[in-house]
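Each residue takes its place number in the sequence, starting with 1.
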Amino acid sequence: MIKSLNLSFSNKCPACCVFCPQERGVRDPNYMKPELVEKLTTEANEFSELNAMQVGENGEAFTNPYVIDNLKIIRKNLPKVHINMTTNLICMKPKQAEIILKDGLLDGLQTSIDGHDAETYEAQKGISY
């Protein structure tokens with residue numbers, strides 16, 4: 001049985017990390033829509049024993065205009081699943097953070113600091129420290 005599932009909410013990312021393709025999602029950004037998250041989580045609930053859900057990676061989740069809606073669907077359909085997000089946080093808005101915390105939409109958050117100070121971070125990622 002499947003115990004863990006990873007969903008990429010977006011293929012777009014404003015960072016320019018050395019380990020990602022530079023043109024990722026720039027010309028043709030794709031966003032996972034709530035209808036697909038609803039379908040995937042409903043089916044996963046019926047046919048698996050999920051205990052973990054990873055969202056993000058392979059793009060910045062907060063570039064997706066449906067990120068909060070998608071997280072709410074996952075929490076509703078899979079209430080016992082540990083939801084972890086990978087993000088560089090550059091696109092997260094304060095209101096989104098407030099909703100995530102208030103509604104308990106995430107159990108874990110991963111980010112990378114690819115530099116030992118602001119100068120190396122900005123040189124590595126191409127985004128503001």
Side-chain angles (χ1 to χ4, degrees):
M1 292 299 260
I2 296 172
K3 303 265 186 207
S4 166
L5 187 61
N6 185 349
L7 300 180
S8 290
F9 285 171
S10 175
N11 71 335
K12 183 178 178 179
C13 183
C16 297
C17 303
V18 295
F19 48 83
C20 285
Q22 294 301 308
E23 297 297 316
R24 180 183 301 231
V26 173
R27 289 190 202 116
D28 187 23
N30 289 297
Y31 305 115
M32 186 172 284
K33 294 183 179 165
E35 297 80 19
L36 182 55
V37 175
E38 181 73 40
K39 178 179 174 22
L40 291 170
T41 56
T42 299
E43 290 179 8
N45 200 21
E46 294 175 19
F47 301 108
S48 68
E49 295 179 5
L50 286 181
N51 58 29
M53 173 83 64
Q54 174 71 33
V55 295
E57 205 161 11
N58 295 317
E60 173 51 50
F62 285 101
T63 63
N64 184 328
Y66 312 108
V67 64
I68 297 298
D69 295 332
N70 289 347
L71 289 171
K72 286 181 177 183
I73 290 166
I74 294 169
R75 183 58 77 203
K76 175 190 74 151
N77 290 348
L78 303 166
K80 296 179 182 176
V81 166
H82 181 91
I83 305 169
N84 188 57
M85 177 181 276
T86 301
T87 175
N88 60 31
L89 301 170
I90 194 72
C91 297
M92 180 191 265
K93 295 173 178 60
K95 183 66 177 169
Q96 291 171 317
E98 182 181 322
I99 292 168
I100 287 168
L101 293 171
K102 181 179 71 72
D103 294 350
L105 299 180
L106 291 176
D107 298 301
L109 188 68
Q110 292 174 294
T111 192
S112 61
I113 306 296
D114 298 333
H116 67 281
D117 58 19
E119 183 180 7
T120 57
Y121 179 86
E122 290 172 5
Q124 169 68 14
K125 287 193 155 325
I127 55 179
S128 174
Y129 182 73

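- Judged purely by atom type and a 3.5 angstrom limit, Asn45 uses its side chain to pair as donor or acceptor with the backbone of Asn77.
- Both Leu40 and Phe9 are assigned to one and the same hydrophobic cluster, defined by single-linkage of ILVMFWY side chains at heavy-atom distances under 4.5 Å.
- The distance from the CZ atom of Phe62 to the CD1 atom of Ile68 is 5.5 Å, given to the nearest 0.5 Å.
- Nearest heavy atoms, Gly56 versus Ser8: O-OG, 3.8 Å.
- Between the side chain of Asn70 and the main chain of Met32, a donor-acceptor pair closer than 3.5 Å is present.
- Between Met85 and Val67 the shortest side-chain heavy-atom distance falls below 4.5 Å.
- A salt bridge links Lys39 to Glu43: one of the charged nitrogens lies within less than 4.0 Å of a carboxylate oxygen.
- Within 6.0 Å of the OH atom in Tyr31, the count of heavy atoms belonging to other residues, nucleotides or ligands exceeds 12.
- Taking both residues in full, the closest heavy atoms of Gln96 and Cys91 are given as OE1-O, 3.7 Å, listed atom of the first, atom of the second, then distance.
- The two atoms that bring Leu89 and Glu60 nearest to each other are N-OE1, 4.1 Å, heavy atoms only.
- His82 places none of its side-chain heavy atoms less than 4.5 Å from the side chain of Asn51.
- Of the charged side-chain nitrogens involved, at least one lies within less than 4.0 Å of a carboxylate oxygen, so that Lys76 and Glu38 count as a salt-bridged pair.
- There is a path of hydrophobic side-chain contacts, each under 4.5 Å, that joins Ile99 to Ile73.
- Here the side chain of Asn88 pairs a donor or acceptor atom with the backbone of Ile90 at under 3.5 angstrom.
- In summary, Arg75 and Asp107 engage in a salt bridge, as defined by a charged side-chain N under 4.0 Å from a carboxylate O.
- The closest donor-acceptor contact from the side chain of Asn30 to the backbone of Asn11 lies at 3.5 Å or more, if one exists at all.
- Taking CG of Leu7 as the reference point, atom CG of Leu36 lies at 8.0 Å (rounded to 0.5 Å).
- Atom CD1 of Ile2 has 12 or fewer neighbouring heavy atoms from other residues, nucleotides or ligands inside a 6.0 Å radius.
- Between Leu5 atom CG and Thr41 atom OG1 the span is 9.0 Å, to the nearest 0.5 Å.
- Atom CD1 of Ile74 is separated from atom CD1 of Ile83 by 5.5 Å, given to the nearest 0.5 angstrom.
- A distance of 11.5 Å separates CG of Asn84 from CE of Met53, quoted to the nearest 0.5 Å.
- Side-chain heavy atoms closer than 4.5 Å link hydrophobic residues (I, L, V, M, F, W, Y) into clusters, and following such links, even through other members, never connects Leu71 to Tyr66.
- The CD atom of Glu98 lies 9.5 Å from the CG atom of Asp103; values are rounded to the nearest 0.5 Å.
- Side chains of Ser4 and Gln54: no donor on one and acceptor on the other come within 3.5 Å.
- The two residues Val81 and Ala52 come nearest to each other via the heavy atoms CG1-C, 3.6 Å.
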